[in-house]
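Working notes for the structure below.
Letters A, B, ... are given to chains in the order of the sequence lines, protein chains preceding strands, and every chain is numbered from 1.
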Number of protein chains: 2
Amino acid sequence: MPRSTPGRRPATLASLAAELGVSRTTVSNAYNRPDQLSPELRKRVLDTARVLGYPGPDPVARSLRTRKAGAVGLLLTENLSYAFRDPGAIEFLEGLALACEDAGQGLHLVPASPEREDVASVHRAGVDGFVVYSVPEDDPHLAAVLERPLPTVIADQPRAASVDHVGIDDHAAMQRLARHVIELGHKHVGVLCMRLGRDRNDGFVSLPRQHSARYHVQRARLAGLRDAFEAAGVDWNTVPVVERFDHSLADGARAAGQLLDRDPQVTAILCTSDLLALGALDEAGRRGLRVPQDLTVTGFDGIAEALRTELTTVRQPVLDKGRTAGELLLSTKDPGRPRSVTLDTELITGKTSAGPRGYEEPWFGP
Amino acid sequence: MPRSTPGRRPATLASLAAELGVSRTTVSNAYNRPDQLSPELRKRVLDTARVLGYPGPDPVARSLRTRKAGAVGLLLTENLSYAFRDPGAIEFLEGLALACEDAGQGLHLVPASPEREDVASVHRAGVDGFVVYSVPEDDPHLAAVLERPLPTVIADQPRAASVDHVGIDDHAAMQRLARHVIELGHKHVGVLCMRLGRDRNDGFVSLPRQHSARYHVQRARLAGLRDAFEAAGVDWNTVPVVERFDHSLADGARAAGQLLDRDPQVTAILCTSDLLALGALDEAGRRGLRVPQDLTVTGFDGIAEALRTELTTVRQPVLDKGRTAGELLLSTKDPGRPRSVTLDTELITGKTSAGPRGYEEPWFGP
DNA sequence: AACGGCTTCTGAACCGTTACGGTCTGCTGC
DNA sequence: GCAGCAGACCGTAACGGTTCAGAAGCCGTT
C-alpha cells in the first residue's frame with residue numbers, strides 16, 4: 001500500500017479532480033455527500049484516490065472552511081503529566097471523555113506548564129471550545145483561553161461571572177463536615193489544605209493568605225471550616241492551617257507532621273482533600289497515633305482509595321462534573337446568559353472520625 | 001473586555017491590516033516575528049487588535065499554511081473514557097504527556113468507540129502524527145491512521161513491519177515468570193488472560209483461539225507460558241486458559257472463579273495482567289484459599305497497586321513506554337527505516353508465590 | 001554622485017478544502 | 001413539441017493565514 005506517491009507532490013483534492021477531469025466539488029462530494037453524485041462516478045473517484053495515494057480531504061483545510069475542529073480543548077492547572085497522577089483529575093477526565101465520545105469530538109489536552117508561561121499553546125490549539133479545570137484566578141493560560149472567541153466552560157475554579165461553570169458548593173459541604181467533627185466534640189483542630197496561590201508556600205498559612213487565596217475552591221473550603229468553628233465558639237485565629245503546594249500522599253504526610261510537631265494536642269485534622277488526608281493517616285500511623293481513637297482525620301472529594309479506607313469525607317461527583325462540563329460546552333448555542341451547574345455532595349462518615357478522648361459516648365461494657 | 005465585537009463580523013488579520021493601513025504581512029509579523037518591524041508599529045498593531053477584539057492569528061488557518069497542527073494524536077483500543085480506568089493506560093498517557101509537554105505539543109485523544117466503527121474521527125483529527133496504543137491488529141481505526149500520510153508510532157501492539165514501535169519482549173518476560181513458578185514446583189496451573197480478539201469470549205480458550213489471537217501482546221505472553229511449561233514437561237493442552245474481554249478487578253475475580261470451579265486442583269494461577277491477578281486474589285480470599293500457601297497467583301505489568309500488594313509479577317516501564325513513544329514520534333525525520341525500541345522488564349518475586357503443598361523446601365523448625 | 005547595506009514594510013502566491021448558487025442533460029406529462 | 005423538473009455536476013469565492021522575494025527609504029562610504 002503506497003503511503004505516499006514517491007517523487008510527486010502529495011495528491012490533493014484538486015489534483016485528483018484534475019486527474020479525473022471532474023471538478024473539485026465532485027471529489028469533495030464523493031467523500032462528504034455520496035448522494036450528490038452517481039455511484040459509478042463516486043467509485044471511480046475513490047478508486048483513483050487509492051491509486052494516487054490521496055488520503056482523503058485534509059482535516060485542517062476542512063476545519064478552516066467549515067469552522068469546526070471536531071475537538072474540545074482542555075486546560076488543566078498543572079503539567080499535563082501531573083493530571084494523570086491526581087485521582088480527581090483522572091475521574092474528571094473520564095467524565096469529560098465520556099461526553100466528548102458521545103458527541104464524536106476529540107479531546108485536545110493543552111500543554112500548559114506552569115513554569116514557562118507559554119501561552120502560545122493555547123493560541124495554537126485548533127479546537128471548538130475549551131473546558132478549564134481548576135486553575136487559579138490569575139492563570140495566564142486561562143486569560144488566553146478567554147481571549148479566544150470560543151465557548152468555554154470552567155469546572156471548579158475560578159468562578160467567572162461571564163463564563164459557564166460547573167462545580168459544587170464547597171463552602172456548604174465543608175461546613176457540614178466541620179459540624180460533624182464539632183458534634184463529635186472536637187475543639188482543638190488543625191487543617192491541611194492544598195495550594196492557595198501560584199507561589200509555593202509549604203507551611204503554615206496566615207489569615208491574609210487565606211483570604212487572598214487565588215484558588216476559590218480552597219478559599220471556600222477554608223471559609224466553610226471557619227464559619228462552622230466560629231459558630232461553635234472556636235477562635236479561627238487559633239486554628240493552625242498548613243498548606244502544601246504539591247498534591248500527593250507524601251505531602252499530606254509531611255504537612256500532618258508539621259502540624260503535629262507544632263500542635264501535638266490537636267484531636268482532629270481536617271484536610272481539604274482526600275489525598276492529603278490519606279497522607280495524614282500514614283503520618284499518624286508512623287507516630288503511633290490510633291485513628292480515630294487518638295486522632296480524627298477527615299478528607300474531601302471521595303476518591304476511590306478514600307472510600308476503600310473508610311475515610312470520613314465529602315463525596316463529590318467528579319465524573320459527573322467532567323461529563324457535565326463537556327455537555328455544557330457541546331450544547332453551547334451562541335450567546336445566552338452564562339449557565340452554572342452546582343452538583344450535590346454527600347457527607348460520608350467513615351471510620352476515621354470519632355470523639356476526642358474523654359468525649360466518647362458512654363460505653364456499657366461488661 | 002469585548003469577547004467579540006458585536007454587530008460586525010469577527011476581525012481577521014486582513015481586516016486588522018486594512019484598519020491600520022498596513023499589509024497583512026506586517027500584522028502577521030507583529031505576532032510571529034517581532035524583530036521584523038519597528039516596536040512602535042508593533043505596539044500600534046497589538047493595541048488596535050485589542051480594540052477590535054482580534055484574538056490573534058487563527059490556529060487552524062495557520063496550521064493549514066504551515067502544515068503543522070502542534071498536536072499529537074492518540075489512538076487507544078477502547079472507549080476514551082475506559083483509558084482513564086486502566087492503570088496501565090493512565091501511566092502510558094502520563095509518559096506520553098510528558099514528552100508532548102517537553103515539545104510544547106498538544107495531545108489529541110481520538111474518540112474511537114469500538115461499537116460504531118466510525119473511522120471519521122481519525123480522518124478529522126488535525127494532528128502532526130499518531131501514537132497508537134495497544135490495539136488489535138484488525139482495528140479499523142488503526143487502518144485509518146496508517147492511511148494518513150503522517151508519522152506514526154505503535155506502542156505495544158500490533159507490531160507492524162513498516163511502523164515505528166515501542167514495547168517489551170512479552171514472550172521472554174512471561175517465560176521468565178513461568179520458570180519462576182516452575183522452579184517453585186508447580187505442575188498444575190491455570191491461566192487468566194485478557195481479550196484475544198475484538199469479539200467477546202468470557203470463558204475458556206481453545207488452542208486455535210490462542211494462536212489466532214488478534215492481540216499480539218496476549219498471544220506472546222501465552223506463548224511464553226506455553227514454551228516454559230512445555231519445556232518443563234507440562235502438556236500445554238491440559239492447561240486451562242480463561243479469557244476476559246473486560247479488564248477489571250471484578251473480571252479477574254470472576255475468571256478465577258470460573259477456573260477454580262472447573263479445575264479446583266490448580267496450585268497456581270498465572271495472569272497476563274496485574275488487574276486480573278488482583279481480582280484472582282480477591283476470589284481466592286473469598287474461597288478461603290490462602291495465598292501463597294494454598295494458591296500461587298502472579299500478574300504482569302507492575303502497576304502501583306500490585307507492587308503495594310507485593311504481587312509476584314513482571315514490572316514493565318509503562319511510563320517510559322509512553323514517553324519513548326512520544327519522543328520517537330516527535331523526532332521522526334521523514335523516511336528512514338522504521339525504528340523499534342524494546343524496553344527492559346524486571347521479574348518481581350512478591351509474596352503471592354510459593355511452592356505448592358508438599359513441595360516446600362525443608363523447614364528445620366523446633 | 002554612485003554604491004552598498006541595513007531596516008522596515010509590501011505584493012502576491014499559496015495552503016487544501018467546502019459553501020453557495022448556479023448550469024446542463026434528459027426525462028415525464030400533457 | 002415543449003414546459004417543468006429532477007439529478008448530476010461545476011465555477012467561483014471564500015476560509016484566514018504565512019512566506020518569500022523584493023521595494024522604499026535612509027545612512028554612511030568611497
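Annotation: side chain of B/R339 is in contact with side chain of B/S331 (closest heavy-atom distance under 4.5 Å). Counting only heavy atoms from C-beta outward, the side chains of B/L107 and B/L93 approach each other to under 4.5 Å. At a threshold of 4.5 Å between non-hydrogen side-chain atoms, the residues A/V135 and A/P158 count as touching. Contact check for A/V110 versus A/H141: no side-chain heavy atoms found under the 4.5 Å cut-off. In this structure, B/L13 and B/Y54 have side chains that are in contact, with non-hydrogen atoms separated by less than 4.5 Å.
Regarding contacts with the backbone of D/dG16, a side-chain N or O of A/R67 is found under 4.0 angstrom from either OP1 or OP2. Side-chain N/O atoms of B/S38 include none lying less than 4.0 angstrom from OP1 or OP2 on C/dT8. OP1 and OP2 of D/dG16 both lie 4.0 Å or more from every side-chain N or O belonging to B/Y31.
Between the CD atom of B/Q36 and the P atom of C/dT10 there is a distance of 13 Å, given to the nearest Å. Taking atom NZ of B/K68 as the reference point, atom P of D/dG16 lies 23 Å away to the nearest angstrom. For the pair B/R44 CZ and C/dT8 C1', the computed distance is 13 Å after rounding to whole Å. Rounded to whole angstrom, the span from the CG atom of B/L16 across to the P atom of C/dT10 amounts to 12 Å. Look at CG on A/L20: it is 12 Å from P on D/dC9, rounded to the nearest Å. In this structure, the CG atom of A/D58 is 13 Å from the C1' atom of D/dC15, given to the nearest Å. Separating the CG atom of B/N32 from the C1' atom of D/dC20 is a distance of 15 Å, rounded to the nearest angstrom. Between the CZ atom of A/R148 and the P atom of D/dG16 there is a distance of 13 Å, rounded to whole Å.
Using a 4.0 Å cut-off between charged nitrogen and carboxylate oxygen, A/R323 and A/D102 do not count as a salt-bridge pair. A salt bridge links B/R67 to A/D58: one of the charged nitrogens lies within less than 4.0 Å of a carboxylate oxygen. A salt bridge is absent between B/D47 and B/R44: the closest approach of a Lys/Arg side-chain nitrogen to an acidic carboxylate oxygen does not fall below 4.0 angstrom.
Note on A/V60: nothing from the nucleic acid sits closer than 4.0 angstrom, heavy atoms only. Across all strands shown, B/T26 has heavy atoms under 4.0 Å from base atoms, whether or not it also approaches the sugar-phosphate.
Taking every side-chain heavy atom of B/L13 into account, D/dG17 is the closest of D/dG17, D/dC9, D/dC15. Candidate nucleotides C/dT18, D/dG17, C/dT10 were compared by shortest atom distance to the side chain of B/N29, and C/dT10 ranks first. The nucleotide whose nearest atom lies closest to any side-chain atom of A/L41 is, among D/dG16, D/dC9, C/dT18, D/dC9. Ranking C/dG11, C/dC15, D/dT18 by closeness to the B/R24 side chain, first place goes to D/dT18. Side chain of B/L64, nearest nucleotide from C/dT8, D/dC9, C/dC15: C/dC15. Here C/dT18 is the nucleotide among C/dT18, D/dC10, C/dG16 with the atom lying nearest to any side-chain atom of A/R65. Set against C/dT10, D/dG16, D/dG11, the side chain of B/S23 has C/dT10 as its closest nucleotide. Each of C/dA19, C/dG16, C/dG11 was ranked by its minimum atom distance to the side chain of B/T25; first place goes to C/dG11.
An end-to-end axis angle of 50° holds for the helix from C/dA1-D/dT30 to C/dC30-D/dG1, taken from five base pairs per end and rounded to 10°.
Side-chain N/O atoms of A/R62 and base N/O atoms of C/dT17 include no donor-acceptor pair closer than 3.5 Å.
Residue whose closest nucleotide on DNA chain D sits further toward the 5' end, between B/A61 and B/R33: B/A61.
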